[in-house]
Amino acid sequence: MFKKVLIANRGEIAVRIIRACRELGLETVAVFSEADRSALHVRYADEAYLLGPAPSRESYLRADKILDIAKKSGADAIHPGYGFLAEREDFAAKCADLGITFIGPKPSSIAAMGDKAEARATVIKAGVPVVPGTEDVGNMSDDDLLRIAPQIGFPLLIKATAGGGGKGMREVRSLEEMPTLLQSARREAESAFGDGNVYLEKLVEGARHIEFQIIADSHGNVIHLGERECSIQRRHQKLLEEAPSPFLDDELRGKMGSVAVKAAQAVDYTNAGTIEFLVDKDKNFYFLEMNTRLQVEHPVTEMVTGVDIVAEQLRIARGRQLSYTQEQVKFNGHAIECRVNAEDPFNNFIPSTGRITHSLLPTGPGVRVDTGVYPGFEITPYYDPMIAKLIVWGETRAQAILRMRRALEEYRIVGVRTNIPFHQTLMDSHRFMGGQFDTRFVEERFSMDGASEMDLTQAEIAAILATLVAHKETERSAQIVRRNERDTSNWKWVGRWERMHR
Amino acid sequence: MFKKVLIANRGEIAVRIIRACRELGLETVAVFSEADRSALHVRYADEAYLLGPAPSRESYLRADKILDIAKKSGADAIHPGYGFLAEREDFAAKCADLGITFIGPKPSSIAAMGDKAEARATVIKAGVPVVPGTEDVGNMSDDDLLRIAPQIGFPLLIKATAGGGGKGMREVRSLEEMPTLLQSARREAESAFGDGNVYLEKLVEGARHIEFQIIADSHGNVIHLGERECSIQRRHQKLLEEAPSPFLDDELRGKMGSVAVKAAQAVDYTNAGTIEFLVDKDKNFYFLEMNTRLQVEHPVTEMVTGVDIVAEQLRIARGRQLSYTQEQVKFNGHAIECRVNAEDPFNNFIPSTGRITHSLLPTGPGVRVDTGVYPGFEITPYYDPMIAKLIVWGETRAQAILRMRRALEEYRIVGVRTNIPFHQTLMDSHRFMGGQFDTRFVEERFSMDGASEMDLTQAEIAAILATLVAHKETERSAQIVRRNERDTSNWKWVGRWERMHR
Amino acid sequence: MKYVATIDDKDFSIEIVDDRHVRVGERLIAVDFESVSGQPVYSLIFDGKSFESFVYQGRRRLAGASARAAVPVKVEDEREKRLRAAAGGGVAEGGEFHLKAPMPGLVVAIPVSEGQEVKKGQVLVILESMKMQNELKAPRDGVVHHIKAKAGESVEQKQVLLNLQ
Amino acid sequence: MKYVATIDDKDFSIEIVDDRHVRVGERLIAVDFESVSGQPVYSLIFDGKSFESFVYQGRRRLAGASARAAVPVKVEDEREKRLRAAAGGGVAEGGEFHLKAPMPGLVVAIPVSEGQEVKKGQVLVILESMKMQNELKAPRDGVVHHIKAKAGESVEQKQVLLNLQ
């Protein structure tokens, strides 16, 4: 039974894991890059060791250094969080070789689910429905794929065999545009995963992204903790998640839940994992992929079930049986999570960096904030722009939405721009309130344009306030702002959002 | 049905009420003293009006000004919070006269419970057990009281008829010391309430302070939301509350709950209120008093029942029926609240003032913070030292304690001293962990002396750290600290803790 | 001091009279305006209503954030505004454009070369920041004049990456 | 620079060698010490262990707060400590005491008068702060010499309230 856990991650998830360890009486070891000397996970951990320079490949991706630190500090377990080394079977295997408990599934399970084609084949065998596509995958040539494509039918998706989420993914509307898209998808997959293999999948239109949380112990017990609705996405990045899904009823929940359990059993899964499904408007569901790690959005499940998923991960890794049977898992109320990203929703969501000069966290009943930043902390361009997760619970979905509105209004982050106004606009959207959305909703039916609409009185007040601030700032700095400073804004920006899919 | 609520309070409770209003779509009006221009309730409210100078009697106790502001702003309801005007029947009556909804009970209920002697008489008639004492109270002379005292038996308590909590309260161990104590109790009661009347009550030794949360609508429905254990007190001030009480079983809970409901019904109560009981070691329980308002510690009940008590207050005041029947109220898990006060636990808990220069709120699963302060805010000597409430939830009491430990470790408030180390020491106390305590526990069996005990290695590290800080500070300020600055610490301090009993 | 504040092309003429008064058009208005906790956060109580505002990193675009929503507001002093109007409303169509990095990041690729003709919308630079790749595109047809950065280079915010003529 | 840090009467001689090293007794120790976010909060990583500390309002009593608990530590430079020792360990028993307000507050009552003899433990001043009444008592027998405040008066922190001879 391990006693000291090294957390091979940073940011909010490192803090989250430290919290669970502390509540279970486990010692914690943080690792950090040069950019993160003052980060919250370093401040909160019992021990902290420098990994290297800021870029991930020189710090948080350095498996060798992390294992050295584990040995040096006497850490006998490693929690990988999400991203970075979380789904690297070789890392999990190395931990095992060194006698360090990897808090996650077996390397073979990671491998089986990591290759998307193999994962498809495996779950098909277990009787799990998958999106129609190229079943027999190995190293298919462009010619093969172009030949099979019309049989699957357009629109379809090119997906990287080794990939997760958006990387190497292309949407194809016709055979004509397919060769070019194949080429760029392969190039992207090659550079991201060192593997240019791709496969094809039918594009399910009007689909919802709904995933099931699984926990499994090493004694053969596997249960699910219900679903999360993750259809609010932008460029394949989730922005908001909720539990339960307003689209599911108890019958479908039960059916999908048992299929999810089957999928996990098919790869002899242990610890926490997530089965992602696409659900079409007729409530047909298809296995998409399995994330063999803790998920960003795990808190919404915690809020409605009362289960502390990270604590449960630690218990499972210590060889304990699950604390719950499937029957003991009860769902209570409704939870919503908004991902707060350092990006400007009024300027095409370009990332924003800088020092947080002022911050107020929303608190009070039913509100939880998981964050790794604080006033004075500098947001650097090296890592993911997600700086906080705002999670609320309400007795009903309507109450949760009202509470989220209140919490978003309270939240102040000054120094970097955030997507909070995006979430505020979303909370006011009638389609969102009505639960009427699919994965294309944000990109195709949602706009920030009306977000700052106001009547003349409101506009006047905003103008007075801004003028008073400008006057004060001018007085304070006595510094003349150059008139040409804004010219970059004349440039048209298109952001390709390709961070890790969660 | 009112639409705009004036919050006649400040600090965390004003913020708490604003939150509930906002979640119900009600507009909010804050009032503030000159010391509170930048306070959180002013920042969060839709509207804000200046009351007057910092002292309470010139600001938050100015009923006339508050009613003027209500009229001016068009507020059609007033929530008094706790303290200040919350239990002033004349204020509640004036609101009614002006057609403003007072969010609380009827003036007659406040009056009936506000006079402690009348309250005793009323509930005795309803069959509620009370602590033996002077039943027939009016204007009893010292001679009367000295004559009756031996019949009640020593030790006993002198209590102010008009009083709440500690004010005008004296513990009497023998007849000899009673005349002096009567005099000082009357003097204190006179200056605090303008009423020097006192009565006697048997001192129940080894007693626990356990209270029941009541909610009642204007349609005759009265239910209880279970109990709160409030025995962790220092000089009659509650420091920590939890729900449920580790001392109660379901049977006693049911019995006390229905007695509490009876007590509320005896004064035709509406809205939220609290029945305080003393419970002796043989599980006999006695009515102590009723608080006819929202209680500081209401969040622990919210955490275990899922009921939003402030939202329920607003609904009741709007004439709605209770949202729950007694049977629908379910208790889930365990919650603990620590009151974070600006005071120095290492120096006899003397109050601490100053600007908060740095602050980190504990967050994450199962943690709630209700606070009215933020980094940059100045803690002034004018108001209550309670600056935050840290509330945690756990599946079991043990888990809640472990989580509270974790949260207390995370909580950083720099700039004023706080009693967080007191709570940390308490969480490590075996008696507290075992649930073995009464209302005298903190004063008689608890000590901070061991709190900073450490082995030599730990002490050495603390010494190094403190020296590095001192060196850095010296370098930074290049300012020589006068050697005589510490001489006040040679003086012996005794704090008499006599703020409002909650 | 007189200012012009612009929201969505609507202009407001606002004069700061003193600490407690502003004039909007003809009306003199009493305001209660204070900085919060000495930080670039400001509280305004105006006609009883409570508002808050903050400045983004010394840029000219301000957010007059009420409790409810963030609103971009541009504020210029009157003289500044007149000067800019005289100059024809900004950078001339045919002038040289300086493509600046809008955030610190790593230059992933510059898929154009000096002297190359480019079309409006063509990708000039791919910049990686926060694990995302951002394509910077040409706002009009032109010729790449001078490339000042190269692939693999880390660049600061506002650093000029290339010029377009 | 050499210092003496005292915890519960235990003294530690600590020398600041440079930014990254201290000497404790004979041992040279590597430390990683930084201020957090430019505020009076400090982070120390020492032998892998992570600690945090902060200063209370420029007073001499420091809290070396590890993640687990707050510990009061007194730090003096060596010279200072020697001087104080020579002076006999602080204020002499028979000297004049200045009773200072330990916090801002309202003087509720001063139940003594000038020239009055008082016993150790006798209440000299009642000061109200944060709705609590605090009794300031005499630390020894003496005579009230000069009362510098009166009931109803608001006083600042460290303001002298009376002298005792």
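Proteins get letters first, then strands, A, B, ... in listed order; numbering begins at 1 in each.
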- Message: If the condition is side-chain hydrogen bond (donor to acceptor under 3.5 Å, both in side chains), which residues does C:D11 pass it with, not counting sequence neighbours?
- Response: C:T6, C:K81
- Message: Between A:I420 and chain C, with a heavy-atom cut-off of 4.5 Å, which part of the residue counts as in contact: side chain, backbone, both or neither?
- Response: neither
- Item | chain A contact via C:V4 - which portion, at a heavy-atom distance below 4.5 Å | neither
- Count the heavy atoms belonging to other residues, nucleotides or ligands that lie under 6.0 Å from CG of C:D9, then report whether that count exceeds 12. no
- Message: As an exercise, state the distance from OH of C:Y42 to NZ of A:K472, rounded to the nearest 0.5 Å.
- Response: 7.0 Å
- Query: Do you know which of A:I379, A:T380, A:I464 has the most heavy-atom pairs with chain C at a distance under 4.5 angstrom?
  - Reply: A:I464
- Item | Heavy atoms of other groups near C:E114 CD, more than 12 under 6.0 Å | yes
- Query: Say you draw a straight line from CZ of C:F33 to CG of A:L468; how long is it, rounded to the nearest 0.5 Å?
  - Reply: 5.0 Å
- Within 6.0 Å of CD in C:E153, more than 12 heavy atoms from elsewhere: yes
- Query: What salt bridge (charged side-chain N to carboxylate O under 4.0 Å, His left out) pairs are there with at least one residue in residues 25-41 of chain C, not counting sequence neighbours?
  - Reply: A:E460-C:R27, B:R37-C:D32, C:R20-C:D32
- Message: Can you tell me how far apart OG1 (A:T467) and NZ (C:K2) are? Round to the nearest 0.5 Å.
- Response: 13.5 Å
